[in-house]
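Let me begin by presenting the structure, written as structure tokens, before commenting on it.
Remember, it's 1-based here, ligands and their atoms both numbered in the order they're listed.
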Amino acid sequence: MTTTTTGTTNGTTTARGSVGTAHTRVEGRDKVTGAARYAGEIPFAGLAHGWLALSTVTRGRVRSVETAPVLGMPGVLTVLHHENAPRLDSDYVGLLGVPPDPSAALFQHDRVPHRGWPVALVVAETSEQAREAAEALVVHYEQEPHDVAFSAGRPDAYPVDGHMPAVAEKGDLESALATSTVVVDAEYTTPEEHHNPMEPHAATAHWDGGRLEVVDSNQGTTWVAGDLAKLFSLDPASVRVRSEHVGGGFGSKGIRAHQVAAVMAATVLQRPVRVVMTRRQMFSLAGYRSPTTQRVRLGADAQGRLRALEHRCLNITSTVREFVEPGAAPARVMYDADAHHTANRVVRLDVPTPTWMRAPGEAPGSFALEAALDELAEKCGIDPIELRARNEPERGPVSGLPFSSRNLLTCFREGARRFGWADRDPRPGLRRDGRWLLGTGTAAASFPAGAGPSTAGLTAEPDGTFTVRIAASDIGTGARTALTLVAADALGVAPDRVRVRIGDSDFGPAMIAGGSMGTRSWSWAVTIAADELRERLALGADIPPAGITVRSDTTEAIGALAKKERHSFGAQFAEVAVDVTTGEVRVRRMLGIFAAGRVVNPLTARSQFLGGMIWGISMALHEEAVRDPASGGHVGADLAGYHVATHADVPLIEADWIDDPDPDDPVGIKGIGEIGIVGAAAAIANAVWHATGVRHRSLPIRPDRVLSAGTGAAHA
Ligand code: MOS
């Protein structure tokens with residue numbers, strides 16, 4: 001032990017104030033100069049490349065895989081399939097009680113449950129050779145008739161609990177509707193949507209002195225490491241997963257086929273193997289948001305006070321796993337009624353299993369609920385914001401629990417002021433700009449504010465700097481930078497004295513980057529570690545060459561949180577122009593005001609909100625994965641065929657927030673990753689109604705839909 005005293009916080013500044021101050025990404029220079037390496041581009045000596053071959057039938061069995069011709073092709077090392085692949089143990093409960101996606105339990109049987117199901121992995125010296133061979137591989141199938149037709153009237157739909165009960169009912173719905181002065185009864189649909197992050201899923205697996213190491217792109221290294229250990233029946237301590245930089249996740253980057261394929265091949269060949277999904281493969285292997293059909297029935301008195309609220313959401317899942325897109329979730333938080341019925345149901349089809357996609361449940365659910373509220377406002381002759389103010393619940397409508405904080409109306413008031421809502425004529429179809437009809441709309445947003453147990457290590461280095469080690473994942477959110485600011489404030493030092501290392505399962509268990517809970521969960525662990533380290537350093541401890549390290553674990557603190565309704569809230573505003581001759585809808589401006597906890601880094605937080613709102617434009621107007629009933633596959637499974645909002649579609653957008661620190665979080669954080677998309681599509685759809693006088697209850701609001709529905713008011 002040395003006797004140096006430099007670098008303790010004694011006598012140095014106790015600067016605070018990094019949290020809440022704009023800070024560019026600490027890894028920004030590495031990213032723009034290309035120094036930051038992503039999972040698919042990190043060099044490995046002796047690297048082999050795997051290419052997945054996917055089923056070309058939608059339902060049936062693999063009869064045989066003709067490996068011999070392919071094994072004779074240049075560079076081909078092996079072909080893995082259901083007859084020769086290592087056996088896996090996929091019979092376990094994974095994260096949040098959800099088993100791994102069945103397509104990740106590779107090559108364990110001959111069943112084909114959907115088109116694009118992985119049937120073989122070809123491994124070769126180069127990725128070009130692997131691709132050539134995978135495309136030449138002949139697989140014989142026994143084909144069976146398939147069913148991919150989704151509709152509201154499916155008799156085989158049934159309720160399924162997700163992370164919430166499938167059904168919640170209080171009061172007599174039919175009698176409350178019968179005695180309501182005003183009733184809205186409408187059906188809404190949203191299409192299949194895909195996240196498809198810019199960086200495709202990619203993993204490199206290799207064995208290193210008895211340890212399995214996987215370099216991957218994911219939303220949680222300890223999650224993926226734990227699942228790989230279970231799947232391959234390995235000692236968890238012998239599996240290390242690293243994921244330093246991630247080019248987007250949005251819910252799609254968990255345990256998936258590519259990591260399992262890479263580990264299988266690395267085990268069989270005893271050399272490093274990389275597997276990267278192609279853009280097209282992501283459409284069947286990366287998960288997606290289920291299409292929904294939703295029925296909303298609202299009954300209100302003459303003053304717009306809700307007497308009846310029903311929200312039923314139906315989504316699809318695969319034949320091999322139940323996944324629920326809980327569209328009825330927002331209704332359980334947003335509005336109360338004497339009779340309050342909500343239900344989430346699924347129908348099983350021969351399709352890939354859907355998964356979490358940014359604001360699962362809330363994104364499609366808020367479209368239906370917030371559009372229905374707008375219809376109710378119209379019928380009652382009440383301003384949509386006033387209608388919401390009249391229906392602010394005292395407590396959770398279903399849970400009966402108090403809200404930890406609920407600043408929805410503050411968001412609406414601030415948003416209305418800045419958007420100029422007071423000047424709005426509520427009558428539709430009145431404003432024109434040449435061939436464009438203009439309208440404005442608003443909608444509410446909410447998203448749960450949660451935290452998951454995490455551990456962190458924090459080291460005081462002899463040179464006066466500090467190192468945080470936490471298995472956090474920065475999927476583009478700016479989490480690494482946020483944690484740097486949080487640690488700096490907790491330590492009372494400037495951020496440039498803090499280095500944050502993330503994306504390594506060896507750093508110990510931590511919450512995933514999911515559920516808008518990452519930064520909050522990790523900040524909590526970092527704060528506790530920093531508090532303890534400050535105490536140690538305040539005692540005048542000498543810092544040895546290896547530094548002084550403390551570890552924290554938030555499991556107990558988070559377990560001790562009182563049960564409350566904990567959410568972020570927001571108010572979305574949109575102005576649209578609708579071309580009466582082409583049916584084109586263009587968003588002219590958007591404003592989102594959020595009450596989403598303490599904002600750690602205004603720079604990246606704003607980007608998060610804007611990203612969600614832009615996705616809302618995309619959801620409202622562009623996105624739609626079309627499944628061909630005959631083939632069971634997608635039409636246009638790429639980013640040319642699957643339309644997303646691009647620069648020209650995105651107008652002036654403003655996102656801002658009000659002061660809303662979480663009362664029970666050490667830093668005041670709630671989480672901001674997902675709420676930006678919630679309510680955004682409804683605000684746009686409501687604006688389209690205001691422009692045209694026609695309600696569009698099916699997304700996306702395509703030009704052909706606008707034209708065939710007509711622009712009622714304009715032609716009247
Ligand atoms: Mo998010 S859909 O929880 O990654």
Side-chain angles (χ1 to χ4, degrees), residues 94-98 100-101 162-164 190 192-201 216-224 227 243 246-256 282 286-290 292 315 317 323-327 329-330 344 353-367 445-452 454 471-479 482 502-503 510-522 566-568 596-597 604 607-609 611-616 618-619 623 669-681:
L95 190 79
L96 297 177
V98 175
D101 189 282
H163 57 277
M164 63 184 70
T190 62
E192 179 177 326
E193 297 161 358
H194 286 255
H195 0 36
N196 255 291
M198 194 70 90
E199 179 206 19
H201 298 56
D216 185 34
S217 175
N218 65 53
Q219 293 178 231
T221 50
T222 52
W223 172 22
V224 172
D227 274 35
S243 180
V246 183
F250 311 115
S252 76
K253 284 184 175 163
I255 178 85
R256 300 217 156 261
M282 288 167 72
Y288 61 99
R289 192 193 309 279
S290 167
T292 68
N315 73 269
T317 192
F323 180 87
V324 187
E325 176 83 26
N344 294 307
T353 309
T355 193
W356 301 316
M357 174 165 148
R358 203 175 199 170
E362 275 79 5
S366 67
F367 163 64
S446 68
F447 197 80
S454 297
S473 179
D474 189 332
I475 58 176
T477 58
I502 63 171
M511 180 59 195
I512 62 164
S516 299
M517 293 191 270
T519 294
R520 178 178 178 201
S521 306
W522 307 319
R566 301 174 181 279
H567 308 273
S568 294
T604 48
S607 295
Q608 280 281 82
F609 290 129
M613 292 168 70
I614 290 167
W615 208 336
S618 209
M619 178 180 171
E623 292 191 37
I669 300 170
K670 278 187 173 176
I672 60 172
E674 288 162 275
I675 192 170
I677 190 175
V678 183

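Listed by chain and number, residues touching ligand 1 at under 4.0 Å (heavy atoms only) are Gln219, Phe250, Gly251, Trp356, Met357, Arg358, Pro360, Ala513, Gly514, Gly515, Glu674.
In this structure, Met511 and Trp522 approach most closely via the heavy-atom pair O-NE1, 2.7 Å.
Look at Arg289 and Glu623 and you find no salt bridge, because none of the NZ, NE, NH1 or NH2 atoms lies under 4.0 Å from a carboxylate O.
Considering only residues two or more places apart in sequence or on other chains, Glu192 meets the salt bridge (charged side-chain N to carboxylate O under 4.0 Å, His left out) condition with Arg627. Among residues two or more places apart in sequence or in another chain, the salt bridge (charged side-chain N to carboxylate O under 4.0 Å, His left out) test is passed with Asp101 by Arg256. Here Arg520 pairs with Asp665 under the side-chain hydrogen bond (donor to acceptor under 3.5 Å, both in side chains) rule; sequence neighbours left out.
Asp227 places no side-chain N or O within 3.5 Å of a backbone atom of Pro100 that could act as its donor or acceptor partner.
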